[in-house]
Amino acid sequence: GHDNIVLATAVSPDGRLVATGGGNKRAIHLWTLRDGDTQQRLSGVGAATWAVGFSADGKTLAWGKTVNQQATNQNRLGPLEYSFTLPTADRSLTHPQPLATGDATFIRAHDHWGDWTLRTRAGGNYGHQAILEIRQQNRTQASIERGPTDGYRHKSYTFTPDGQRIISGGANGFITAYNRDGNKLGDYV
């Protein structure tokens, strides 16, 4: 659903919803992890969304529009700055509010799960961070390379809460699921 680079990913604590931010429309998309069905598109005007995260109870979504030019972690490109409570059957979507508590209590992308880690490195034909390494105990178990037909690079990535799958966002709106062996499970289109 994104029309360009996906800059941020987060999976809700219950593993049901995924939030992704980016694209030319600078939108946040909420969708179900199980089948990729879009639940909500949240868009505004102005700067790109560089960060997304869920509260520990999964009821609140936070995001940030400020990029940290000195960021060294691909999944921490900026702070979470705003939040709102997600709708339920008996509660409507609240208005965005400045995030008063700081972002330490929000769950963002997980590049660690147990003794497994994710990291990118340069590769491919274009010099981007095209290789996503899936590592266990500091040993590479699998590598996933993106190219011109599937997003060029791994711009954002996370383990699902159970650690069994990996979600990666790339250029041109590509969002892909893989298992820990590096096998592609499917694209979220």
Side-chain angles (χ1 to χ4, degrees), residues 1-67 71 73-89 91-97 99 103 106-111 118 120 129 132 144 146 149-162 165-178 184-189:
H2 288 285
D3 59 358
N4 209 326
I5 296 173
V6 177
L7 297 168
T9 58
V11 180
S12 64
D14 62 6
R16 192 176 64 81
L17 290 176
V18 176
T20 54
N24 291 334
K25 296 178 182 167
R26 298 162 174 86
I28 297 171
H29 292 208
L30 290 173
W31 43 278
T32 53
L33 181 61
R34 181 179 49 81
D35 56 16
D37 284 347
T38 300
Q39 300 301 302
Q40 191 83 29
R41 281 191 179 98
L42 310 165
S43 63
V45 297
T49 300
W50 290 93
V52 291
F54 285 95
S55 61
D57 64 7
K59 295 179 180 178
T60 303
L61 180 69
W63 72 96
K65 293 188 168 286
T66 302
V67 64
N73 183 328
Q74 189 66 36
N75 283 319
R76 298 271 191 253
L77 294 175
L80 298 172
E81 302 167 295
Y82 306 96
S83 70
F84 56 75
T85 304
L86 295 169
T88 62
R91 181 184 63 231
S92 62
L93 185 68
T94 64
H95 292 286
Q97 300 292 322
L99 189 62
D103 65 11
F106 283 82
I107 298 167
R108 295 170 77 168
H110 294 283
D111 56 9
L118 300 171
T120 59
Q129 295 297 106
L132 179 64
I144 304 164
R146 284 192 182 267
T149 61
D150 64 355
Y152 291 102
R153 60 185 151 204
H154 297 276
K155 192 70 176 161
S156 57
Y157 45 89
T158 185
F159 282 107
T160 56
D162 65 4
R165 291 170 285 170
I166 297 151
I167 308 297
S168 171
N172 302 323
F174 277 92
I175 303 172
T176 308
Y178 305 93
K184 181 178 177 176
L185 298 173
D187 291 313
Y188 294 97
V189 179

| query | Where do Ile175 and Val18 land on the side chain to side chain contact (heavy atoms under 4.5 Å, CB included) test, with the steps shown first? | reply | CA-CA 11 Å; Ile175 303 172; Val18 176; over 6 Å; no
| field | Shortest non-hydrogen separation from Lys65 to Glu81 and the atoms involved | value | N-OE1, 2.5 Å
| query | How far does OG1 of Thr176 sit from CG of Asp150, to the nearest 0.5 angstrom? | reply | 6.5 Å
| message | As an exercise, state the distance from CD1 of Ile107 to OG1 of Thr60, rounded to the nearest 0.5 Å. | response | 11.0 Å
| query | Hey, are the side chains of Leu7 and Val67 touching, using non-hydrogen atoms and a 4.5 Å cut-off? | reply | no
| task | Apply side chain to side chain contact (heavy atoms under 4.5 Å, CB included) to Arg153 and Ile5, showing your working. | result | CA-CA 10 Å; Arg153 60 185 151 204; Ile5 296 173; 3.1 Å; yes
| note | Smallest heavy-atom separation, Ala171 atom then Tyr152 atom, equals CB-CD1, 4.1 Å
| message | Using modelled atom types and a 3.5 Å cut-off, is there a donor and acceptor pairing between side-chain atoms of His154 and backbone atoms of Ile144? | response | yes
| note | d(Arg146 CZ, Gln129 CD) to nearest 0.5 Å is 13.0 Å
| How many angstroms lie between atom OG1 of Thr20 and atom CD1 of Ile167, to the nearest 0.5 angstrom? | 10.0 Å
| message | Using 0.5 Å steps for rounding, measure from the CD atom of Gln40 to the CG atom of Leu86. | response | 8.5 Å
| query | Are the side chain of Asp3 and the backbone N or O of Asn24 linked by a donor-acceptor pair below 3.5 Å? | reply | yes
| said: For a quick test of reading the model, state the closest non-hydrogen atom pair linking Ser156 to Thr9 and the distance between them. | reply: OG-CG2, 3.3 Å
| request: Using a strict cut-off of less than 4.0 Å between a Lys/Arg side-chain nitrogen and an Asp/Glu carboxylate oxygen, indicate whether Asp187 and Lys184 qualify as a salt bridge. | output: yes
| remark: For Ala51 and Gly78 the tightest heavy-atom approach is CB-O, 3.5 Å
| request: Would you please indicate yes or no on a ring centroid separation below 6.0 angstrom for Trp63 and Phe84? | output: yes
| query | Roughly how far, to the nearest 0.5 Å, is CZ of Arg165 from CG of Leu185? | reply | 7.5 Å
| query | What orientation do Trp31 and Tyr188 show, parallel under 30°, tilted 30 to 60°, or perpendicular over 60°? | reply | tilted
| CZ (Arg91) with more than 12 external heavy atoms under 6.0 Å | yes
| field | Nearest non-hydrogen partners of Phe174 and Gly151, listed with the distance | value | CD1-N, 3.5 Å
| query | Ignoring hydrogens and geometry, is there a side-chain-to-backbone donor-acceptor pair from Gln39 to Leu17 under 3.5 Å? | reply | no
| Only one of Thr158, Leu132, Asp111 forms a side-chain contact (heavy atoms from CB on, under 4.5 Å) with Ile166, so which one is it? | Leu132
| field | Shortest non-hydrogen contact from Pro13 toward Phe54 | value | CD-CB, 4.0 Å
